[in-house]
Protein chains: 2
Amino acid sequence: MPVAAQVRQRLARRIAGEISLSDSPGRVMRKWREMFHIQQIHLAESLGVSPSVISDYESGRRQSPGTKTIKRFVENIITLDEQNGGQVVNAFQRMMGVEIPTNIILDISEFTNGITIRELLDGVRGQIVTGEELLERELLGYLMIDTSEALDVLSSTGFLKLFEATEDRALILVNVSTGRSPLVALKGEIRPSLFVLHGVEQIDYLAIELAKREQVPLAISRLESIGGLLRRLQALRKQTPNDEQRADGYDR
Amino acid sequence: MPVAAQVRQRLARRIAGEISLSDSPGRVMRKWREMFHIQQIHLAESLGVSPSVISDYESGRRQSPGTKTIKRFVENIITLDEQNGGQVVNAFQRMMGVEIPTNIILDISEFTNGITIRELLDGVRGQIVTGEELLERELLGYLMIDTSEALDVLSSTGFLKLFEATEDRALILVNVSTGRSPLVALKGEIRPSLFVLHGVEQIDYLAIELAKREQVPLAISRLESIGGLLRRLQALRKQTPNDEQRADGYDR
DNA sequence: CAGATATTACGGTAACTGACGAACTATTCG
DNA sequence: CGAATAGTTCGTCAGTTACCGTAATATCTG
């Protein structure tokens, strides 16, 4: 089996398993649909059903969807992403080796055409703290994680693996208190090209020192909400859509 | 989360995912029930339903079981095994790191109280080919794999990992042609305590040489069918049942 | 081959899924 | 604000699931 198909299958099994074992399958379905940046309408279209059906599942009106439904759901979200250049599947592929619990992942994507650190920071209203000289470096994607959750479930080697998995990408840490804990895990050679902290009141001096010493750009975002951050990241993803695949008049 | 719970969860997700994505969920359910050495009657009892219900699922009368059903099914087979000493879950735990496709696994279990190589060979009517001096070594479990299938899907490092995962255990290879291909993969330090080949007409001279050189006992089984082999292995598993858990008069 | 054990096949029924569509509510943006 | 966009709610209904129980088969084991 080709590698791509294998990754696809592993991811599919993972999602399907999570849905089936959940006490509220609908919530998990929603989580994954959102992780794949797919709207109900587009998913519905792809499944050949009315959008209200998706909403009924996600809201829990249907409490125990059958395997056929789950299978169609999982295969469709993955296929839709693949048709879109595999931005999410490919990003996940890097995570697969790491065994990261998906509940710490708030958002993940590759950029179809890389964007620079400067462009990303402009997009999310981020202020660079250290590493100004690297603003023109290209980012291939980003990963946004829930730091407080991650600190609970990840060991320091877990963080290290996360850093390795985000090589050449931006690691966006939200729900950060001081920034110290994640940054101290920074040891290996392979690391993200950019750290963005969100939700810090008082940034830790050691975090800044470490970022300087380890030569990794560090920025903070002072956006109000995580939702706003997410929306701005979406806008960056969309900047260069894969036009060949778009014949239906929609501009996703 | 304790390690045991994590293994349990990973296995549960895997099974649930496989069921949900299958075109015939019932067949997959049967596969796993059998892998866990649980009878329909006992599973039904544990689920609080009539045995015909299980049969209906497995035979495919119900084509798209709901998540509730899948969840209950998966959790019950795992719990039943755990109540029984975790013979299968623990055996699987060693496989988890290896990422072995489950379709090559025909049977897997730990022995609650180890048995010797001699006892196992007596039980399955096996004839030792080389390694007579090691007949009194203890085996902690066994793994039975479909060799022809394994040769298709496993690389030689895949085999090596399989060998590592069966340290102190018996590796029973069925559908073997000459025994050469699996044995040549034998290189590392960590390896099964016993190879049993089933279905060989003419055992390969190189296989014997390798087993001798690598000091690993090699035996062949001349039993008619794989089914017979499976049944005899069952008998060995049952030899020392975990009596405290048995208050219902059944002798599983 | 008998007798026990395990599994299947199937008719029946209440509850629920899978789907529609129309009306409704948020949210964003010029 | 008003339109556009995204998602929700809900009545409705045909088809299916989830379950039972019983009778009919397999499958072992002595």
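Letters A, B, ... are given to chains in the order of the sequence lines, protein chains preceding strands, and every chain is numbered from 1. Since we're looking at a predicted model, the values are computed, not measured.
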When you get a sec, tell me which of [options] is the closest nucleotide to the side chain of [X]?
| X | options | value |
| --- | --- | --- |
| B:Ser59 | C:dA9, D:dC19, C:dA6 | C:dA9 |
| B:Gln40 | D:dT9, C:dT8, D:dA18 | C:dT8 |
| A:Ser55 | C:dT7, D:dT8, C:dG21 | D:dT8 |
| A:Asp56 | C:dT17, D:dC19, D:dT9 | D:dT9 |
| B:Val49 | D:dC19, C:dT7, C:dA19 | D:dC19 |

Below 4.0 angstrom from OP1 or OP2 of [N], is there any side-chain N or O of [X]?
| X | N | result |
| --- | --- | --- |
| B:Arg33 | C:dT7 | yes |
| A:Ser50 | C:dG21 | no |
| A:Arg72 | C:dT17 | no |
| B:Arg231 | D:dC28 | yes |

Nearest-Å distance, [atom1] ([X]) to [atom2] ([N])?
| X | N | atom1 | atom2 | value |
| --- | --- | --- | --- | --- |
| B:Met29 | D:dA18 | CE | P | 9 Å |
| A:Arg61 | C:dC20 | CZ | P | 13 Å |
| B:Arg27 | C:dT7 | CZ | C1' | 18 Å |
| A:Ile54 | D:dG7 | CD1 | C1' | 11 Å |
| B:Gln39 | C:dA4 | CD | P | 17 Å |
| A:Arg30 | D:dT8 | CZ | C1' | 9 Å |
| B:His42 | C:dT7 | NE2 | C1' | 13 Å |
| B:Glu45 | C:dT5 | CD | P | 14 Å |

Check: Does A:Arg118 come within less than 4.0 Å of A:Glu136, counting only side-chain N to carboxylate O?
Finding: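 A salt bridge is present here (some side-chain N lies under 4.0 Å from a carboxylate O).
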Item checked: Pairing of B:Arg237 and B:Glu110 as salt bridge, 4.0 angstrom limit ->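 No salt bridge links B:Arg237 with B:Glu110.
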Note to self: Mind checking if A:Ser52 touches a base, just sugar-phosphate, or nothing, with heavy atoms under 4.0 Å?
What the structure shows: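 Here A:Ser52 touches the bases of the nucleic acid.
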Check: So what does B:Gly48 hit on the nucleic acid, given a heavy-atom distance under 4.0 Å: a base, only sugar-phosphate, or nothing?
Finding: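 The answer is sugar-phosphate, as B:Gly48 gets under 4.0 Å only of primed atoms, P, OP1 or OP2.
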Next item on the list: Among A:Lys68, A:Lys71, A:Arg72, find the one that has a salt bridge (charged side-chain N to carboxylate O under 4.0 Å, His left out) with B:Asp23.
Entry: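 Only match with B:Asp23 under salt bridge (charged side-chain N to carboxylate O under 4.0 Å, His left out): A:Lys71.
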Check: Of all heavy-atom pairs between A:Thr67 and B:Ser64, which one has the smallest distance, and what is that distance?
Finding: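 Scanning both residues, the minimum pair turns out to be N-OG, 3.1 Å.
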Next item on the list: Could you pick out which residue, A:Gly66 or B:Glu58, lies toward the 5' side of DNA chain C when each is mapped onto its nearest nucleotide?
Entry: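 Mapping each residue to its closest nucleotide by heavy atoms, the 5'-most match is B:Glu58.
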Next item on the list: Return yes if some donor-acceptor pair links the side-chain N/O of A:Asp146 with the main-chain N/O of A:Ser148 below 3.5 Å, else return no.
Entry: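 Confirmed, A:Asp146 side chain pairs with A:Ser148 backbone.
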